Participant: 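Take this structure, written in structure tokens, and hold onto it; I'll ask about it next.
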2 protein chains.
Amino acid sequence: MDNLNEAGKLSILVVDDDKEIVNAISIYLENEGYRVYKAYDGFQALDIITSHDIKLILIDIMMPRLDGLSAVVKIREQKNIPIIILSAKSEDSDKILGLSIGADDYVTKPFNPMELVARVKSQLRRYLTLGDVNGTRKANVLKSGGLCFDLDSRTVTVDGEPVKLTATEMKIVELLLRHPGRVFPAEEIYERVWQEPAYNAENTVMVHIRRIREKIEINPREPKYLKVVWGIGYKIEKI
Amino acid sequence: MDNLNEAGKLSILVVDDDKEIVNAISIYLENEGYRVYKAYDGFQALDIITSHDIKLILIDIMMPRLDGLSAVVKIREQKNIPIIILSAKSEDSDKILGLSIGADDYVTKPFNPMELVARVKSQLRRYLTLGDVNGTRKANVLKSGGLCFDLDSRTVTVDGEPVKLTATEMKIVELLLRHPGRVFPAEEIYERVWQEPAYNAENTVMVHIRRIREKIEINPREPKYLKVVWGIGYKIEKI
DNA sequence: CTTAAATTTAAGAAAATCTTAAGAAATTTA
DNA sequence: TAAATTTCTTAAGATTTTCTTAAATTTAAG
């Protein structure tokens, strides 16, 4: 599988038996800076997703040979990437059918190109998190010893006991757990979690660290998980 | 009852008073590898399903002698297999009637053969799970504790007591129940339920959440089912 | 022992959610 | 078609939770 895509572009696969539609969609997506792959039936689609690093799929559900709904199911068996269904039908029952089968969104033809792009971005935003370079959502738990972070339910447990962290606290724990053993200066934690330049923000980070410890450590004064490295920063050990 | 069908093929019963339609459908289904039984009115249909191991029924609701809707009701009393209604009528009232009476899907004539096949496959996929050898479906309900959503009748009950939700409210509950434990940001709820990009829509979602809680929670201020995760979104617990 | 770094605490500020209500929109009924 | 009903959206204020700030305290390294 080629994981190297030109200039770091995200790859999108467009599947429809109508070549004109595929081309039209491709132009809009390429304009937005995506690399577009094209397929004209379900089998071609399956071929491409097994040989290329596709991040998102746009697929028509009414296609010859392997119909779209079946293809969606097969794709889901292989990869966990966002799937947006294209369809001429607009009835509610179809919407529900598509979504319950494992698609993430549903667009009816004729569609507004800008809306389509908006939905593509929305889906990619949802699936592509920083630490998740492959775009494939793996088993969604991060661990270090008894500390466990379930990314789907956004639940943190210590030795199986659920612990209630705030959103910011969770982001800090997530960052440290995604790079176990690595030491992060408070300044870097701030910049990565708050997504803005750190200016006199160390204290803020420290107070958060304190509160996280209060929740996940048995004795916050002798932390077992969230450790300090004097003069450098904080880390959670690789276990 | 013969449970042995040739070469392990799945048996489908097609019921319509128009023989041409029955034959046309049969060809498409046989092409897809199904064993097809034919009936030209409701009584014949009932005969066949009691003597053969039918996995799915396609039935017209406008038929002489025993009309289709009545047949559907009687079939449901006997067997719990997927039923797809065929009809020349496309009015909404019929759709609702057909589905509420226990049918699983609805196709209006004239129909696209590929679409019909797709729906047949979709229904079989939904009902024939590995552990479910008899072709009798699993209870089609989503649950979390005392909260229960019956997908067939689209009815919600709390501790057995029926609760009257609006269509939108039901879609929200369905989404959360289909992914128990997972936290959905208000924005994502909007996009998945309304099927359009969320723009300043969080408030709308919140008000709906509030009204759902009013209906399903004993004390809406301390929700037992529909919980908030501060800074992230809403969820219904996996129980 | 001194100093810089890290911890702890508490209170006010900020942000997110909740609640309510009124009017708009959609649906049903007459 | 109009009236009545139900459902949805919008907005604004109340409430709750979370975040930031700052100052006092403790800890580790040299």
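Hydrogens, waters and symmetry mates play no part in the numbers below; they use all other heavy atoms, side chains included. What you see is a predicted model, and the numbers here were worked out from it, not measured in a lab. In what follows, every chain begins at residue 1, and chains take the letters A, B, ... in the order their sequences are listed.
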Participant: Assess whether a salt bridge exists between A/R154 and A/E174, defined as any Lys/Arg side-chain N lying under 4.0 Å from an Asp/Glu carboxylate O.
Facilitator: yes

Participant: I need the CG-P distance between A/N203 and C/dA13, as an integer number of Å.
Facilitator: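 From A/N203 CG to C/dA13 P: 17 Å.
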
Participant: Need to verify one output field. Residue with the more 5' nearest nucleotide on DNA chain C, B/V207 or B/V229?
Facilitator: B/V229

Participant: How many whole angstroms separate atom CD1 of B/I189 from atom C1' of C/dT17?
Facilitator: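 Rounded to the whole Å, the gap is 13 Å.
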
Participant: Should A/Y190 be listed as having a side-chain N or O under 4.0 Å from OP1 or OP2 of D/dC19?
Facilitator: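 No, A/Y190 has no side-chain N/O under 4.0 Å of OP1/OP2 on D/dC19.
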
Participant: Please determine whether a side-chain nitrogen or oxygen atom of B/R210 lies at a distance below 4.0 Å from atom OP1 or OP2 of C/dC18.
Facilitator: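 Checking B/R210 against C/dC18: no side-chain N or O falls below 4.0 Å of OP1 or OP2.
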
Participant: Starting from the 5' end of DNA chain D, give me the residue, B/L165 or B/V205, whose nearest nucleotide shows up first.
Facilitator: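 That would be B/L165.
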
Participant: Verify, without hydrogens or angle tests, whether B/S144 (side chain) and B/E237 (backbone) share a donor-acceptor contact under 3.5 angstrom.
Facilitator: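 Yes: the side chain of B/S144 pairs with the backbone of B/E237.
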
Participant: Which distance, rounded to the nearest 0.5 Å, do you find between the CZ of B/R211 and the CD1 of B/I216?
Facilitator: 14.0 Å

Participant: Nearest to the side chain of B/E169, which nucleotide is it out of C/dC18, C/dT7, D/dC8?
Facilitator: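 Out of C/dC18, C/dT7, D/dC8, the nucleotide with an atom closest to B/E169's side chain is D/dC8.
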
Participant: Rounded to the nearest Å, what distance is computed from the CD atom of residue A/E196 to the P atom of nucleotide D/dT20?
Facilitator: 8 Å

Participant: Once you round to the nearest 0.5 Å, how far does CD1 of B/I236 lie from NZ of B/K143?
Facilitator: 14.5 Å

Participant: If only side-chain N and O atoms of A/R221 are considered, is one of them under 4.0 Å from the OP1 or OP2 phosphate oxygen of C/dT8?
Facilitator: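 For C/dT8, OP1/OP2 do have a side-chain N/O of A/R221 under 4.0 Å.
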
Participant: In whole Å, what is the span from the CD atom of B/E202 to the C1' atom of D/dT10?
Facilitator: 14 Å

Participant: Do any side-chain nitrogens or oxygens of A/Y199 fall under 4.0 Å of OP1 or OP2 in D/dT20?
Facilitator: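 Result: no.
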
Participant: Check the phosphate of D/dC19 against A/W194, side-chain N and O only, distance under 4.0 Å to OP1 or OP2. Yes or no?
Facilitator: no

Participant: Counting only side-chain nitrogens and oxygens, does B/T166 get under 4.0 Å of the OP1 or OP2 atom of D/dT6?
Facilitator: no

Participant: Closer than 4.0 Å, any side-chain N/O of B/W230 to the OP1 or OP2 of C/dA15?
Facilitator: no

Participant: For B/R211 and for B/G231, find the nucleotide of DNA chain C with the closest heavy atom, then tell me which residue's nucleotide is more 5'.
Facilitator: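 Comparing both residues, the 5'-ward one is B/G231.
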
Participant: In whole angstroms, how far is the P atom of C/dT19 from the NZ atom of B/K215?
Facilitator: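 Those two atoms, NZ and P, are 16 Å apart.
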
Participant: Give a yes/no answer on whether the side chain of B/H208 brings an N or O atom under 4.0 Å of OP1 or OP2 in D/dT9.
Facilitator: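 Yes, within the criterion.
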
Participant: Starting at NZ of A/K227 and ending at C1' of C/dA5, how long is that distance when rounded to a whole Å?
Facilitator: 19 Å

Participant: Looking only at side-chain atoms of A/K164, point me to the closest of D/dT18, D/dC8, D/dA22.
Facilitator: D/dT18

Participant: Take atom CE of A/M206 and atom P of D/dT21, then tell me their distance rounded to the nearest Å.
Facilitator: 14 Å

Participant: Please give, in whole Å, the distance from C/dC18 C1' to B/I212 CD1?
Facilitator: 14 Å

Participant: Roughly how far, to the nearest 0.5 Å, is OG1 of B/T155 from CZ of B/F149?
Facilitator: 8.0 Å

Participant: Evaluate A/T204 against A/H208 for side chain to side chain contact (heavy atoms under 4.5 Å, CB included), listing each step before the verdict.
Facilitator: CA-CA 6 Å; A/T204 300; A/H208 276 92; 3.9 Å; yes

Participant: Searching all strands shown, indicate the nucleotide that pairs with C/dA30 (Watson-Crick or G-U wobble; both distances under 3.5 Å).
Facilitator: D/dT1

Participant: May I ask you to evaluate whether B/T168 reaches the phosphate of D/dC8, defined as a side-chain N or O under 4.0 Å from OP1 or OP2?
Facilitator: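 Result: yes.
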
